[in-house]
Structure formats: C-alpha cells, structure tokens
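Structure, as structure tokens:
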Amino acid sequence: MAMQHTYAGDGRAAINLLHAARERIGSGAPRTVHAMLDAWQVRAHAVAGESRQAVEVLFRADDHWGRRDPDEDPPWIYWMRQPSHTIEVGTGFVQLGRPDIAVRLLEEGMAGRGVDYTRDTVLGLTAIADAQLDQDDLDGALDTARRAVELVTDVDSSRVADQLNAFAQRLPAGEAQAEEFRICLDTLPHR
C-alpha cells in the first residue's frame, strides 16, 4: 500500500504506512527487511519533497544493509540489493532534483544486476534515461531508453509500460529522435 501511495504522489501517506510496517515487524526483524522498508521510504520522502529526510533514511537503510546477516533473511526477500543501488532510491533522487546522483547510483546498481532480472533492468534503464533527460542529455537519455526497449519484449509488466510511456511523454515535441522513439514504443506488444 505504501508503494501505491508513493506512485500516486502521496508521499506522506506512504511514509505513515512504512512507519506502521516498521512498528509491526519490530526491531527484531532481519536487517534486510528494515533496509527494504527504508529504501522505499527514501522515495516516499522524495515524493513529499523532503530532501533531508530522504538522505537520512538512505544512510539508515545502507547501514542496515551493511550490518545484515543474510542467513536471517526470509526467502521472499532474495531480490533485495543494497538500498542505495535500488531503482526506488534512484528515482527518488530524480524527484529531488539530483539527477547526477541518481544516474551514478542507478548505474552502480545496474552493474550488479543479472540477466535473470530483465524487468528490473528495464526499469533501471528507464530511470537512468529519466535522470539523463533531467540533465538535458537528450541523446544519452534516448540511447539508454532504446536499450530498455530492446529488452522490453521479454517483459510483461504494466509498470514497465507505464514508465516507458511516462518517459516518452517527457520528450520534447517536434524533435526527430524523440518522435522516432515514440513511434518505436507504439509498435511494441503489451502496451
């Protein structure tokens, strides 16, 4: 529910839900679970426009991650990675107006991502493209987005489609490369 509120633009409700989740699991829960909740809270603070709080929670998340015992992790959290390398945190930094930090963190996270995670790779590439666009690097953004589109045929995910469409809508009107990208995106299945 917290993630849904974040995606809907209600960072405050997401933060409150994440606090409630943290209270519910207690301090004895595995550190990886706390790191996950904190990573999600970074983006919620970004949506709420709370830069300082987002950075503080990111430090806490990475601290949990650094002190975790993987043997204590529940099986369902196998996908969690270092919080500062997650797509949620990278996207949060884009929302905070720090695309430079977002690109660096997302690229570091992408370096460790395996081929088994195509959906996450596409989401990560799309987040990097968004950050590059915020840096006024249209060529770089389009190159990165094209890499995402090359992989998207193997992914059936409405979130992926939504993110790529949102990126395409941000592209400048009348720009030839941007129009070519939109046309390419329109030809994809599962849109």
Taking side chain as C-beta onward, heavy atoms only, is [X] less than 4.5 Å from [Y]?
| X | Y | result |
| --- | --- | --- |
| Glu88 | Met36 | no |
| Leu58 | Phe93 | yes |
| Trp76 | Val33 | yes |

Task: Greater than 12 external heavy atoms within 6.0 Å of Met3's CE - done: yes

Do [X] and [Y] land in one hydrophobic cluster if side-chain heavy atoms of ILVMFWY residues count as linked below 4.5 Å?
| X | Y | value |
| --- | --- | --- |
| Tyr7 | Val89 | no |
| Val94 | Ile101 | no |
| Leu37 | Val57 | no |
| Tyr78 | Ile25 | yes |
| Val42 | Met80 | no |

How close do [X] and [Y] get, heavy atom to heavy atom, and via which atoms?
| X | Y | value |
| --- | --- | --- |
| Ala127 | Leu106 | CB-CD1, 3.7 Å |
| Pro30 | Asp73 | CB-OD1, 4.0 Å |
| Ala131 | Pro99 | O-CB, 3.3 Å |
| Asp120 | Ile87 | O-CD1, 3.2 Å |
| Gln95 | Val47 | NE2-CG2, 3.5 Å |
| Pro83 | Ala39 | CB-CB, 3.9 Å |

- [ ] Test Glu150 against Arg147 for salt bridge (charged side-chain N to carboxylate O under 4.0 Å, His left out), laying out the working first.
- [x] CA-CA 5 Å; Glu150 288 173 7; Arg147 287 177 38 216; over 6 Å; no

TODO: Any ring-ring contact (aromatic ring centres under 6.0 Å, His included) involving residues 39-71? Give me the pairs, sequence neighbours left out, ordered by first then second residue.
DONE: His34-His64

Task: Pairs flagged by ring-ring contact (aromatic ring centres under 6.0 Å, His included) wherever residues 163-182 is involved - sequence neighbours left out - done: Phe167-Phe181

Out of curiosity, [X] [atom1] to [Y] [atom2], how far, rounded to the nearest 0.5 Å?
| X | Y | atom1 | atom2 | value |
| --- | --- | --- | --- | --- |
| Gln4 | Asp10 | CD | CG | 12.0 Å |
| Ile128 | Thr91 | CD1 | OG1 | 10.0 Å |
| Ile15 | Gln53 | CD1 | CD | 7.5 Å |
| Leu123 | Met110 | CG | CE | 9.0 Å |
| Thr32 | Asp69 | OG1 | CG | 8.5 Å |
| Thr126 | Asp130 | OG1 | CG | 7.5 Å |

Task: Where at least one partner belongs to residues 27-37, residue pairs that pass salt bridge (Lys or Arg N to Asp or Glu O under 4.0 Å), sequence neighbours excluded - done: none

Task: Pair Glu108 + Arg81: basic N to acidic O under 4.0 Å - done: no

TODO: Evaluate the side chain to side chain contact (heavy atoms under 4.5 Å, CB included) criterion for residues Arg146 and Gln177: first the C-alpha distance (whole Å), next the side-chain angles of each, then the deciding distance (0.1 Å), finally the verdict.
DONE: CA-CA 11 Å; Arg146 285 184 195 107; Gln177 290 184 57; 3.6 Å; yes

- [ ] Ignoring hydrogens and angles, tell me if any N or O in the side chain of Arg182 forms a donor-acceptor pair with the backbone of Ala168 under 3.5 Å.
- [x] yes

Task: Gln82 side chain to Ser84 side chain, donor-acceptor N/O pair below 3.5 angstrom - done: yes

TODO: Using distance alone, with no hydrogens and no angle criterion, decide if Arg22 and Gln41 have a side-chain donor and acceptor under 3.5 Å apart.
DONE: yes

- [ ] Step by step, work out the side chain to side chain contact (heavy atoms under 4.5 Å, CB included) result for Gln163 and Val122.
- [x] CA-CA 9 Å; Gln163 294 297 326; Val122 172; over 6 Å; no

Open item on the list: Is there a salt bridge (charged side-chain N to carboxylate O under 4.0 Å, His left out) between Arg52 and Glu56? Walk through the geometry before answering.
Closed with: CA-CA 6 Å; Arg52 182 182 54 78; Glu56 288 172 2; 2.8 Å; yes

Open item on the list: Working note: Arg98 + Asp134, criterion salt bridge (charged side-chain N to carboxylate O under 4.0 Å, His left out); need CA distance, chi angles, decisive distance, verdict.
Closed with: CA-CA 9 Å; Arg98 293 303 311 262; Asp134 284 351; over 6 Å; no

Open item on the list: side chain to side chain contact (heavy atoms under 4.5 Å, CB included), that's the test. Do Leu133 and Leu142 meet it? Break it down for me.
Closed with: CA-CA 8 Å; Leu133 199 55; Leu142 285 168; over 6 Å; no

TODO: Would you sort out whether Arg67 and Asp63 count as a salt bridge (charged side-chain N to carboxylate O under 4.0 Å, His left out), showing the intermediate values?
DONE: CA-CA 6 Å; Arg67 297 189 305 145; Asp63 181 60; 3.2 Å; yes

Open item on the list: Run the side chain to side chain contact (heavy atoms under 4.5 Å, CB included) test on Arg12 and Glu50 for me, step by step, so that the C-alpha distance in whole Å, both residues' side-chain angles and the decisive distance to 0.1 Å come before the verdict.
Closed with: CA-CA 10 Å; Arg12 181 52 41 204; Glu50 300 170 349; 2.4 Å; yes

